[in-house]
Amino acid sequence: MKEIIVTILRAAIARAQAQGKLSAAAASAPIVVEAPKDSAHGDAASNLALALARGEGKPPRAIATAIRDALVLPAEVTEATVAGPGFLNFRMAPAYWHQELKRAAAQGRSYVSPQIGGGRRVQVEFLSANPTGPLTVGHGRNAVLGDTLARLFAATGYRVTREYYFNDGGRQMKLLGESVRVRYLEELGRPAAMPEDGYQGEYIREIARGLQTNHGAALAENADPEIFVKAAVAAIFAEIKQTCEKLGVSFDVYTNELDLMRDGRVDAVMAALRERGLVVERDGAQWLAGEKLGLPKDQVLIRSTGEPTYRTPDIAYHIDKLKRGFELIIDVFGADHIAEHVGVIAALKALGYDTAPIRAIIYQFVTLTRAGEKVKMSTRKATYVTLDELIDEVGVDVVRFFFLFRKHDSHLDFDLELARRQAPENPVFYVQYAHARLASVFREAERAGLALPADAAGIDLTPLGSEELELARRAVAFPEVVAGAVADLEPHRIPFYLLELAGEFHRYYNKPANRIINPDDPRLSIARLLLARALMNGIAGGLGLLGVNAPDRM
RNA sequence: GCGCCCGUAGCUCAACUGGACAGAGCAUCGGACUUCGGAUCCGAGGGUUGGGGGUUCGAAUCCCUCCGGGCGCGCCA
């Protein structure tokens, strides 16, 4: 639709120029066409005349009128009017919507995904939780955001690599191993002192018990600390992967810090930074020269112990990603890591890399609410709620939908009470119910001996009224919503759109006059069934992009 | 103190990235068809978009400033 309008507008500008009604400069103006939110303003609208007003030195409405007079409308467009301050509004012919509707019905749920990727390669790095404990609710937002972005890219014709990066070389790992060792000794009846920042969770004790089962008391003395670390990492990763599987989240590649350190890429980063005079030595440690990079302060790259901080491998990792030739590199992380990311990008730039392919999607924190009360989430305390527990409590569909039902910039308040409710005020069920209803209509149609012909092309859609064309218009706009969500990395637009589409359907469905199945009027019934098919494809397709089920019965 | 994000209806959040009258859900109040699923629908009240200035045809959106909240400012990640 937008393409059609842009084309005729461009032609109209040229004609108006030939008549001397517009200046030559007008041709270079970008033409923006959008679907107005209020359908009274037509099917498509352009602010072209408003945008040109300044350059042309004429009132917007006069320009709009000149353009309208120069328009030659093709058959698909029935009307072009000047409205409001100078908008050009267009109305499409019913036949246009009929054709689009048939396409949406025939293509199945994939009609919602425009093929805009062109096979370009995208890497999405997300979750990237270090194996120090079970996934938290906050990790859940990360996992669902990253996974859904990956699904969106894959569905729209990109080649996607889903990647999980974790730090297994740093101080935290030592602390983890030591925590396990302390619990292990305790299990053997030899109380030991837990390090100050040690991991206190019950899962540490379970890992320790496992070691006791397998090794008895053999690890009590002179054991390689690595044994404790490895046991912990293996056990915790197994649990993380299980939770991800439950959530419908998967990865293609796991990358770890230790490999980057062992094969010299971290050293290479240090050498390159040093070469450019970006490393200063102080207190026995190596620092990244912050001021030279426009950073607020210096940041440690190599500790005085000679071990790198997390920062240096992270730079090496991003270099690796850039070298792998992705056209788009997405980093998904929480707001607490933003300063770190800024530092990595600054370092990459200083080393001469083009960081344009890298785009960060930074989400704000998640709070849990139950009956209006905030649920405290502390790793140390017993009030700790794991992602696993959350999924068990409310189900995968609800978890995924709720995490996506906010712009990533916004704080997310997860209302457990609402999430548990299997009722209309729960948006997940509202959308799923629309799908189940539609499925039920098709079951009913079968009983009534009505079925859509395999080839939709021959179906007569002229019985559809204006209310039905409104629904069609909404359903057919879905691919543009998806395209926008991908371009701007804003998956939240999809659940919001789905809610609107489902709402419009529910309203339509509830009017007795709109009975889809009408044995007395098979022509009307078939036309409405085609509309129903398109709506069903849209809802199922949209939920599919989110990794949420579209049930036929509830 | 400095940096980033946020502030929209009583609550939780949208607003197509500068467009037309700022919209949904929850909560509150009042209603609905004897046929396709009432997990639905219709209606009502509720707003100076935190305050103030600016930019322009036009601002919730951009700029400045103040107020309030979150996160960060580790030889943790």
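Throughout, a chain's letter reflects where its sequence line sits, starting with A, and its residues are numbered from 1.
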Would you say a side-chain N or O of [X] is under 4.0 Å from OP1 or OP2 of [N]?
{"X": "A:Tyr497", "N": "B:A24", "result": "no"}
{"X": "A:Arg406", "N": "B:G25", "result": "no"}
{"X": "A:Arg303", "N": "B:C76", "result": "yes"}
{"X": "A:Arg311", "N": "B:C75", "result": "no"}
{"X": "A:Lys297", "N": "B:G74", "result": "yes"}

Each nucleotide N or O in nucleotides 18-21 of chain B that has a protein N or O under 3.5 Å away: list the pair and distance.
from, atom 1, to, atom 2, distance (Å)
B:G19, N7, A:Asn47, ND2, 2.9
B:A20, OP2, A:Lys37, NZ, 3.3
B:A20, N6, A:Asn89, OD1, 2.9
B:A20, N1, A:Asn89, OD1, 3.3
B:A20, N1, A:Asn89, ND2, 3.1
B:C21, N4, A:Asp38, OD2, 2.9

Problem - salt bridge (charged side-chain N to carboxylate O under 4.0 Å, His left out) pairs, two or more places apart, involving residues 397-407 of chain A - result: A:Asp147-A:Arg400
Do [X] and [N] have a side chain to base donor-acceptor pair shorter than 3.5 Å?
{"X": "A:Asp488", "N": "B:U17", "result": "yes"}
{"X": "A:Tyr433", "N": "B:A39", "result": "no"}
{"X": "A:Thr309", "N": "B:C75", "result": "no"}

Give each protein N/O atom lying under 3.5 Å from an N/O atom of nucleotides 3-5 of chain B, with the pair distance.
from, atom 1, to, atom 2, distance (Å)
B:C5, O2', A:Gln364, NE2, 3.1

Problem - Flag for A:Glu56-A:Ser23: side-chain donor and acceptor within less than 3.5 Å - result: yes
Problem - Distance-only side-chain donor-acceptor flag, A:Thr369 / A:Asp413, under 3.5 Å - result: yes
Practice task
Could you check A:Ala335 against A:Ile302 and say which one's nearest nucleotide on RNA chain B is further toward the 5' end?
Solution key: A:Ala335
Fill in the blank from the handout: Sorted by chain and number, sequence neighbours left out, salt bridge (charged side-chain N to carboxylate O under 4.0 Å, His left out) with A:Lys511 holds for A:Glu467
Practice task
Please state the C1' separation for the pair B:U55 and B:C64 - nearest whole angstrom.
Solution key: 11 Å
Handout entry: Watson-Crick and G-U pairing of RNA chain B, under 3.5 Å, as dot-bracket with | and [ ]
Key = (((((((..((((.....[...)))).(((((.......))))).....(((((..]....))))))))))))....
With the criterion being N/O to N/O and under 3.5 Å, what pairs connect the protein with nucleotides 32-35 of chain B, and how long is each?
from, atom 1, to, atom 2, distance (Å)
B:U35, O2, A:Arg515, NE, 3.4

Exercise for the section: Measure from the ring center of A:Tyr254 to the ring center of A:Tyr165 and say whether it is less than 6.0 Å. Expected result: no
Handout entry: Centroid under 5.5 Å and tilt under 30°, A:Phe365 to B:C71
Key = no
